[in-house]
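Structure first, commentary second.
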Amino acid sequence: MEVQVAPLRAWDDFFPGSDRFALPDLKDISKWNNRVVSNLLYYQTNYLMVAAALVSIVGFLSPLNMLIGGTVVVLVFLGFVWMSHNKDILRKLKKQYPTTFVVAIMLSSYFLISYLGDVMVFMFGITLPLLLMFVHASLRLRNIQNKLQNKMEGIGLKKTPMGFILDALEQQEDSINKLADYISKVKE
């Protein structure tokens, strides 16, 4: 399957005034999760640019520690994904509590990096960009174009890098299953 890069969204769409931001409904975790996943897919190139800028700054100041930190996080992420595909209990945990799964990856990475080297590189070069993405994706309200793009992503009309990451975290299956059920009902 061909990977497509999502377009870079305009700055005024990505970070407009406070009228397009609101606190999520903390009582409805699935709705909050849906908002985060949708925004991660829609603004993925913007998030990549912000993360690249932060990683570049930290990498310039401490290149070896940044390389070690990035390698550890990628290896821990791949290890957790592999284990969750092979262990049923971890698969259920990942599906029911995706935030817990990501926090476990970050904590494991933190302890490995603290053993290997500079923790501040981990905090500013890896954790800060992820935290900024999560906060923005949690607070940014979705618009019609965002919802349309995510439906295209969900039914497989286009695949993006963030789509692959969210698939690895099993965060798109429910949307795809709901859409497939809806299409099958319409056909009947």
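Since the structure is predicted, the reported quantities are computational estimates derived from the model, not experimental observations. Just so it is clear, the values below take in all heavy atoms, side chains as well, and ignore hydrogens, waters and symmetry mates. Along the sequence shown, the residues carry numbers beginning at 1.
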Heavy-atom distance under 4.5 Å between the side chains of [X] and [Y], does that happen here?
X      : Y      : answer
Pro129 : Val50  : no
Leu132 : Tyr47  : no
Leu40  : Gln44  : no
Trp82  : Leu78  : no
Phe21  : Leu141 : no

>> Could you work out, with side-chain contact (heavy atoms from CB on, under 4.5 Å) as the rule, every residue matching Thr71, not counting sequence neighbours?
In response: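 So Thr71 forms a side-chain contact (heavy atoms from CB on, under 4.5 Å) with Leu67, Leu75.
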
>> Please determine whether the number of non-hydrogen atoms from other residues, nucleotides or ligands lying under 6.0 Å from atom CZ of Phe14 exceeds 12.
In response: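 Enclosed.
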
> Where the side chain of Ser62 meets the backbone of Gly59, is there a donor-acceptor pair that is under 3.5 Å apart?
Replying inline: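 Checked: no pair found.
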
> Do you know which two heavy atoms are closest between Met133 and Ala51, and how far apart they sit?
Replying inline: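 Heavy-atom minimum between the residues: CE-CB, 3.9 Å.
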
So how far is it from [X] [atom1] to [Y] [atom2], rounded to the nearest 0.5 Å?
X      : Y      : atom1 : atom2 : answer
Met66  : Ile57  : CE    : CD1   : 11.0 Å
Leu112 : Ile68  : CG    : CD1   : 12.0 Å
Leu131 : His136 : CG    : NE2   : 13.0 Å
Leu8   : Asn46  : CG    : CG    : 4.5 Å
Phe80  : Ser109 : CZ    : OG    : 7.5 Å
Leu61  : Ser56  : CG    : OG    : 10.5 Å

>> Taking the six-membered ring of Tyr43 as reference, does the cationic atom of Arg140 (NZ for Lys, CZ for Arg) lie under 6.0 Å from its centre and within 45° of its axis?
In response: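 Negative - Arg140 is either too far from the ring of Tyr43 or too far off its axis.
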
> Can you hop from Trp11 to Leu48 via hydrophobic side chains spaced under 4.5 Å?
Replying inline: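 Looking at the clustering, Leu48 is in a separate group from Trp11.
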
> Between Phe60 and Met49, is there a shared hydrophobic cluster once you connect ILVMFWY residues whose side-chain heavy atoms come closer than 4.5 Å?
Replying inline: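 Cluster IDs for Phe60 and Met49 differ.
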
>> Ring-plane angle category for Trp32 and Phe134, please: parallel below 30°, perpendicular beyond 60°, tilted otherwise.
In response: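 Trp32 vs Phe134 ring planes: tilted.
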
